[in-house]
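Working notes, structure below.
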Amino acid sequence: MTQFNSFMDIALEQAAAAADRGEVPVGAVIVRNGDVIASAGNRTRELNDPTAHAEILAIRAACDVLGAERLTNADLYVTLEPCPMCAAAISNARLARLYYGASDPKSGGVEQGPRIFQHAQCHHAPEVYDGINAKPAERLLTDFFAKLRE
């Protein structure tokens, strides 16, 4: 029996670093063969780029590291359910597995909203595992938005 090794703690560290920068606290990590090949946190405000979500930045970095446009046999750990844009990028990158923490009823694109991987036009759907370290991920988000309202 293979032991499951979660890399969500690294994603949570990236999310906390994003919050420290004033970004929505979402972090992502890409792992292949048990090795972390890329990690990132949101940088939309810092970069003035609405596509600079943690998942997109991690996918770009991992593709750069591997010198490839596809991340077959790689896993993505992200603290929040990916939005539709990120879900489409995950599909296009051909990631094998997606592990995410908190669900996103407002903007999610995997189990909420448009459910990108369930569309006939989706050429690749990763295996999806949700609720991984969901409580700490939710707490980061709740604390971040509470401070904005103060």
Side-chain angles (χ1 to χ4, degrees), residues 2-19 21 23-141 144-145:
T2 303
Q3 179 181 356
F4 174 69
N5 184 12
S6 175
F7 293 84
M8 192 60 80
D9 287 343
I10 299 169
L12 287 164
E13 290 170 8
Q14 288 290 330
R21 293 190 302 271
E23 301 278 355
V24 174
V26 177
V29 177
I30 296 179
V31 177
R32 190 174 197 193
N33 299 325
D35 296 319
V36 173
I37 57 174
S39 62
N42 275 356
R43 292 187 180 271
T44 59
R45 292 183 175 128
E46 175 187 342
L47 300 176
N48 295 314
D49 179 356
T51 69
H53 290 198
E55 301 96 319
I56 300 293
L57 296 174
I59 288 169
R60 288 176 183 162
C63 287
D64 190 48
V65 166
L66 297 177
E69 68 185 65
R70 296 205 173 145
L71 301 172
T72 54
N73 299 317
D75 302 335
L76 172 65
Y77 292 81
V78 62
T79 58
L80 181 65
E81 176 182 356
C83 72
M85 173 185 71
C86 292
I90 290 164
S91 174
N92 287 327
R94 304 299 197 265
L95 283 152
R97 284 163 293 281
L98 165 63
Y99 301 92
Y100 70 86
S103 292
D104 189 354
K106 182 177 176 189
S107 301
V110 176
E111 296 296 327
Q112 314 286 327
R115 298 182 170 119
I116 297 298
F117 302 139
Q118 295 177 21
H119 284 260
Q121 293 85 358
C122 181
H123 298 295
H124 169 77
E127 295 174 29
V128 176
Y129 303 91
D130 63 353
I132 311 296
N133 288 47
K135 292 295 180 200
E138 290 166 1
R139 196 168 27 259
L140 276 171
L141 289 158
F144 177 81
F145 287 111

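Just so we're clear, the structure is a prediction, and the values are computed from it rather than from any experiment.
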Which heavy atom in [X] sits nearest to a heavy atom in [Y], and how many Å separate them?
| X | Y | value |
| --- | --- | --- |
| Leu57 | Ala52 | CD1-O, 3.6 Å |
| Ala18 | Pro25 | CB-CA, 4.2 Å |
| Ala58 | Ala40 | N-CB, 3.8 Å |
| Val29 | Ser39 | CG2-CB, 4.0 Å |

Is [X] reaching over with its side chain to a backbone N or O of [Y], donor-acceptor style, under 3.5 angstrom?
| X | Y | result |
| --- | --- | --- |
| Thr79 | Ala15 | no |
| Glu69 | Ala93 | no |
| Asn92 | Ala88 | yes |
| His124 | Phe117 | no |

In Å, rounded to the nearest 0.5 Å, how long is the span from [atom1] of [X] to [atom2] of [Y]?
| X | Y | atom1 | atom2 | result |
| --- | --- | --- | --- | --- |
| Met85 | Glu55 | CE | CD | 7.5 Å |
| Cys83 | Ile56 | SG | CD1 | 7.0 Å |
| Leu71 | Arg94 | CG | CZ | 11.0 Å |
| Tyr129 | Arg97 | OH | CZ | 7.0 Å |
| Glu138 | Asn133 | CD | CG | 11.0 Å |
| Ile30 | Leu66 | CD1 | CG | 9.0 Å |

message = Is it the case that the side chains of Thr44 and Asn42 hold a donor-acceptor pair, with the cut-off being a distance below 3.5 Å and no angle test?
response = no
message = Taking side-chain contact (heavy atoms from CB on, under 4.5 Å) as the criterion, tell me which of Ile116, Val26, Ile90 meets it with Pro82.
response = Ile90
Report yes if the side chains of [X] and [Y] come closer than 4.5 Å at any heavy-atom pair, otherwise no.
| X | Y | result |
| --- | --- | --- |
| Tyr77 | Ser6 | yes |
| Thr51 | Arg60 | yes |
| Leu141 | Val24 | yes |

ask   = Are Arg21 and Glu46 ion-paired here, with the side-chain N under 4.0 Å from a carboxylate O?
value = yes
ask   = When you look at Asn73 and Arg32, which way does the side chain to side chain contact (heavy atoms under 4.5 Å, CB included) test go after all the steps?
value = CA-CA 6 Å; Asn73 299 317; Arg32 190 174 197 193; 4.3 Å; yes
request  = Could you tell me which residues satisfy ring pair (Phe, Tyr, Trp, His ring centres under 6.0 Å) with Phe145, sequence neighbours excluded, listed by chain and number?
outcome  = none
Name the atoms and distances for all side-chain donor-acceptor pairs under 3.5 Å in residues 100-113, with sequence neighbours left out.
from, atom 1, to, atom 2, distance (Å)
Asp104, OD1, Lys106, N, 3.3
Asp104, OD1, Ser107, N, 3.0

